[in-house]
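Since the structure comes first, as structure tokens, the remarks are kept for the end.
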Amino acid sequence: MSDLIVPGFKSSELINDLNKAFDQFSTEDRAKLIKQVNGVFQFVIKNDQGKEEVFTVDCKKEGKVVHGKGDIKADAILSLKDGDFVDLATGKLNGQKAYMSGKLKIKGQIMLAMKLDNVFKAVNPTAKL
């Protein structure tokens, strides 16, 4: 079992899938994604039991995912519930609507969050934010 998968967090399975997708990228594809996105996202995810987990997606330097804050400063910190993250990552929830309705809270570079669809499409080509 990957250290990215956390029991009680459905979102961690998608985060793990994202990491696998990054691992399978060619050097060129990874460089292209890093150039397109050029940011570090930190996801603060709360599950139904009120527990919180943090995952950091680096699309600025290495193109990798870590459990926790990692050693690179986040450009955008996104806070949301576990189920909302799953819906967002799978394209069932629109990012702007989630933000406007308060389901998604963003600290830092809000405009960078608009590039999240490029990140999620690495795992799920039908995802749309």
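In this text, all values refer to a predicted model and were calculated from it rather than measured experimentally. Just the heavy atoms: all of them, side chains too, but no hydrogens, waters or symmetry mates, feed the values below.
The cluster map of Ile, Leu, Val, Met, Phe, Trp and Tyr, joined by side-chain heavy atoms under 4.5 Å apart, puts Phe120 and Val86 in the same cluster. Under a hydrophobic clustering in which Ile, Leu, Val, Met, Phe, Trp and Tyr are joined whenever their side-chain heavy atoms come within less than 4.5 Å, directly or via other members, Val37 and Phe25 fall into the same cluster.
Within the structure, the ring pair (Phe, Tyr, Trp, His ring centres under 6.0 Å) test picks out the following pairs touching residues 47-83 (sequence neighbours left out): Phe55-His67. Sequence neighbours left out, the pairs with a member in residues 59-77 that pass salt bridge (charged side-chain N to carboxylate O under 4.0 Å, His left out) are Lys60-Asp75, Glu62-Lys64. Pairs passing the side chain to side chain donor-acceptor pair (under 3.5 Å) check and including a residue from residues 31-47, sequence neighbours excluded, read Asn47-Gln49. Counting only residues at least two apart or in different chains, ring pair (Phe, Tyr, Trp, His ring centres under 6.0 Å) contacts with residues 87-109 are absent.
The minimum heavy-atom distance linking Leu112 with Ala76 is given by the pair CD2-CB, 4.2 Å. The nearest pair of heavy atoms linking Ala98 to Leu93 is CB-CD2, 3.7 Å. Residues Cys59 and Val119 approach most closely at SG-CG2, 3.7 Å, considering heavy atoms. Among all heavy-atom pairs drawn from Leu88 and Gly95, the shortest one is CD1-CA, 3.5 Å.
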Using distance only, find each side-chain donor-acceptor pair of residues 4-15 under 3.5 Å and give its atom names and separation, not counting sequence neighbours.
from, atom 1, to, atom 2, distance (Å)
Ser11, OG, Asp82, OD1, 2.4
Ser12, OG, Val6, N, 2.9
Ser12, OG, Val6, O, 3.3
Ser12, OG, Phe9, O, 2.6

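With sequence neighbours left out, the side-chain hydrogen bond (donor to acceptor under 3.5 Å, both in side chains) criterion links Asn16 to Ser2. Remark: Phe43 pairs with Phe85 by the ring pair (Phe, Tyr, Trp, His ring centres under 6.0 Å) rule, at least two apart or across chains. Residues satisfying the side chain to side chain contact (heavy atoms under 4.5 Å, CB included) test with Ser26, not counting sequence neighbours, are Glu28, Asp29.
Proximity of Asp84 to Leu104: side-chain heavy atoms (C-beta onward) are nowhere separated by under 4.5 Å. In this structure, Leu116 and Phe41 have side chains that are in contact, with non-hydrogen atoms separated by less than 4.5 Å. Residues Ile45 and Lys81 are not in side-chain contact: their nearest non-hydrogen atoms beyond the backbone lie 4.5 Å or more apart. Residues Val40 and Thr56 are in side-chain contact: their nearest non-hydrogen atoms beyond the backbone lie under 4.5 Å apart.
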Check your understanding: Are Val44 and Ile77 close enough, and set up right, to give a side chain to side chain contact (heavy atoms under 4.5 Å, CB included), and what steps lead you there?
Key -> CA-CA 7 Å; Val44 180; Ile77 300 170; 3.9 Å; yes
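Checked against Lys20 for a side-chain contact (heavy atoms from CB on, under 4.5 Å), the options Leu18, Asp17, Asp23 give a single hit: Asp17.
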